[in-house]
Amino acid sequence: MAMATCSSSLLVLPNLRWNCNKRRPNFKVRAQISGENKKTTPVEPVTNGSVSVSTVQNQKGANEVNGKVKSQKKIVSDEIELLWDDGYGSKSVKDYFAAAKEILEKPDGGPPRWFSPVDCGRPVEDAPTLLFLPGLDGTGMGLVPHHKALGKAFHVSCLHIPVLDRTPFEGLVKIVEDVLRQEQATRPNKPIYLVGDSFGGCLALAVAARNSSLDLVLILVNPATSFNRSPLQPLIPILEMVPEELHFTVPYALSFIMGDPIKMATLGIDNQLPTSIKLEKLRQRLTKTMLPLLSDLGEIIPRETLLWKLKLLRSSSAYANSRIHAVQAETLILASGKDMMLPSQEEAKRLHGVLKNCSVRCFKDNGHTLLLEDSVSLLTVIKGTGKYRRSWRYDLVSDFLPPSKGELDYALDEVLGFLRNAVGSVFFSTMEDGRIVRGLAGVPDEGPVLLIGYHMLMGLELGPMSEAFIKEKNILFRGMAHPVLYSDNNPSKEFDYSDWIKVFGAYPVTATNLFKLLSSKSHVLLFPGGAREALHNRGEQYKLIWPDQQEFVRMAARFGATIVPFGTIGEDDIAELVLDYNDLMKIPILNDYIKDLTRDTKQFKLREESDGDVANQPLYIPGLVPKIPGRFYYLFGKPIKTKGRPELVKDREEANQVYLEVKAEVENSIAYLLKKREEDPYRSVLDRLNYSLTHTTATQVPSFEP
């Protein structure tokens, strides 16, 4: 396991180096010792390389020579590219045990210290700092599967509490506060992230309660604030009576309480592999990797250390709960549904009601060691919940991190899997000379571009369309979404579709946000019909329900954006709408639910200036009867340029003419597709499946000739 370069802004300090004679895997650590004892204490050799240890000094002493400030090289990487490699799945629980054993191989009895994993690399410009506060193990290695991804977005530092260390809880709180003060002094306008795992969650809450003036973002993973209700409570007296020579049995017993072995073993196995191969890999990992590694828990947490940590858990839980009312920090709680060590989901609900600014995401199939189990990347969760920012306020342009290849693969397989395979989407576009061609060649590569189209039932067209733009044009368009998708008041919410669309660039539909994105020369997706069009009534399919105002034309002209109108069809080929809004409002229980939901959405003040159908945007889930899937068809019309047409900004009549032109083009595209799909010999999923089985080398299934 490779570890450690210099920490984010934990000061550039003098280094002491020790060379090791033993040849070991590349494993480097720069550690920093906090607290009242500032003397330099070496970390015993854990690598064939070198171990750099620095004391935490004051800023003046560290950065001044003869009264002059030393120049420091800017340590940042280029901005992240679309489909970057986040490394999630390349490291597993096996790597965690290897790293933990190496760092604990020769315990020095020194105080807690910080290290920065080398795997994290260099982050993006102006990245904030993330401090990891470990759980019961204290190694600080709990983020091993997430190092590479987090290292692109944060300056990552991890707290290591040596096996023989007996620092009381209040002392650990002060150690974290020392680093917070340094970060605040060095970079006063940046948020500081505290990721607290189990015991670390109590530590993060205690620190936040004592430092309410700091801009902190807490990410609490199964926080141990519920330790008084833990199944471990009655085990403590029993553990105290277990003889030293039988302690080797304790890790095996605790392993089934602390985490889900199957989920741990599954991490890193490619979901796209055939089921038989996946099961065989899982079997090998369980029998040849997981079970032998459990004995290592006895080395990571010896008997006396385990007893000390359990007592520390009790005191930390009481300390954090007694001061929780003082926490002002933005908080995200990640709770496992199969946590056998703590009642994490119940505790998440309690904390959601107590903390002032708290969101919750539940992972119903995971155990206590969520960060070491097969799930989604921690960075993905941070992005999907809108928690990533580089200053005091989130900026949807500068703070947006594009999706990685791993995120795209997961979204396509796990989130959109059935839909994308069932509808066999086919795309057409219009060239400058008016020719219609298959593919997206007619859509401009250079932004700003405003994509304007018809919103199919429940927005089913979005997933396949986003995939096509990413894979064919290497473009991630930014879609405008209803603000209700950004409300976060459910303490039982799972990480679901509404979070994934944020990972892929969706943002609340406001004029200000459209302004920001067009000014950044983005490709922006806008549906003038909004929720009313996506949740249309029976008999309204393929009908444009647009406002009378030319809402988007003048904004596009202001930035010289190219408007690309498009039509899409296929909703009637996969399901039949049998219960619409009018039908559901006749059912008493559903009537009240829809009224309450619609009443809640009025706070967003959408379409207040509009009249007619488009101004009425009730939210509900329509009643659908599935069909044998047909096919989705998309046609992007001829681009309409606004660059060099300044009159569109001020002349409403001119802008309205362009608006009507766009609307007519969308209607014509829909009519064209409805007619031409009758010529498609592979419109049915059965015909496409047969073609794929008989043409194994084909990259796409044919369609009608445009």
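Not measured: the values here are computed from a predicted model. For this chain, numbers begin at 1 and follow the sequence in order. Values reported hereafter were calculated over all heavy atoms of this structure, with side chains retained and with hydrogens, waters and symmetry mates removed.
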Between Trp546 and Glu533, is the side chain to side chain donor-acceptor pair (under 3.5 Å) condition met? List the steps. CA-CA 8 Å; Trp546 289 15; Glu533 196 168 81; 3.1 Å; yes

Residues at least two apart in sequence or cross-chain that pass side chain to side chain donor-acceptor pair (under 3.5 Å) with Ser520, listed by chain then number, are Ser522

Applying side-chain contact (heavy atoms from CB on, under 4.5 Å) to Glu414 and not counting sequence neighbours gives Asn271, Tyr410

Where does the angle between the aromatic ring planes of Tyr659 and Phe552 fall among parallel (under 30°), tilted (30 to 60°) and perpendicular (over 60°)?
-> tilted

Of all heavy-atom pairs linking Ser519 and Phe559, the shortest is CB-CE2, 3.4 Å

Taking only Lys NZ, Arg NE, NH1 and NH2, and the carboxylate oxygens of Asp or Glu, determine whether Asp395 and Arg390 approach each other closer than 4.0 Å. no

Scan side-chain atoms only and decide if Glu446 and His523 contain a donor-acceptor pair under the 3.5 Å cut-off. no

Could you check whether Arg361 pairs with Glu494 (Lys NZ or Arg NE/NH1/NH2 to Asp/Glu carboxylate O, under 4.0 Å)?
no

Residues 654-682 vs salt bridge (Lys or Arg N to Asp or Glu O under 4.0 Å), sequence neighbours excluded, gives Asp572-Arg677, Asp573-Arg677, Arg631-Asp680, Lys676-Glu679, Glu678-Arg683

Scanning both residues in full, the closest heavy-atom pair of Leu440 with Lys473 reads O-NZ, 3.2 Å

query: In terms of side-chain heavy atoms, does Ser336 have a donor or acceptor partner in Asn366 at a distance below 3.5 Å?
result: no

In Leu579, Leu590, Leu584, the residue satisfying side-chain contact (heavy atoms from CB on, under 4.5 Å) with Tyr620 is Leu584

Are Phe400 and Phe504 close enough that their ring centres sit under 6.0 Å apart? no

Heavy-atom closest pair (Glu461 atom, Tyr634 atom, distance to 0.1 Å) is O-OH, 2.8 Å

What one should report as the nearest heavy-atom pair of Ile80 and Pro402 is O-CG, 3.4 Å

Exercise for the section: Ignoring hydrogens and angles, state whether a donor on the side chain of Ser487 or Asn489 is under 3.5 Å from an acceptor on the partner side chain. Expected result: no

Answer yes if the side chains of Glu407 and Trp500 hold a donor-acceptor pair under 3.5 Å, and no otherwise. no

Closest heavy-atom pair, Glu571 versus Leu457, reported as atoms and distance to 0.1 Å, is OE1-N, 3.0 Å

field: Arg532 with Glu540: basic N within carboxylate O range, under 4.0 Å
entry: yes

Taken to the nearest 0.5 Å, the spacing of Gln657 CD from Leu648 CG works out to 10.5 Å

Between Ile475 and Asp445, the two heavy atoms sitting closest are CD1-O, 3.8 Å

| For Ile621, does the CD1 atom sit with more than 12 other heavy atoms under 6.0 Å from it, leaving out its own atoms? | no

| How are the rings of Tyr454 and His536 set to each other: parallel, tilted or perpendicular (split at 30° and 60°)? | parallel

Return yes when atom CD1 of Ile628 has more than 12 non-hydrogen atoms of other residues, nucleotides or ligands closer than 6.0 Å, and no otherwise.
no

Counting only N and O atoms by type, is there a donor-acceptor contact under 3.5 Å from the side chain of Asp651 to the main-chain atoms of Glu647? no

Practice item. Answer yes when Asp499 and Lys383 have at least one side-chain N-carboxylate O distance shorter than 4.0 Å, and no when they do not. Key: no

More than 12 heavy atoms of other residues, nucleotides or ligands under 6.0 Å from CZ of Arg438: is that the case?
yes

For this session: Answer yes or no for Lys502 and Tyr486: cation-pi contact, defined as NZ/CZ to six-membered ring centre under 6.0 Å and angle to ring axis within 45°.
Result: yes

Note to self: Please verify the inter-ring angle class for Phe469 with Phe636; under 30° counts as parallel, over 60° as perpendicular, anything in between as tilted.
What the structure shows: perpendicular

_Does Lys521, at its NZ atom, have more than 12 non-hydrogen atoms belonging to other residues, nucleotides or ligands within less than 6.0 Å?_
no

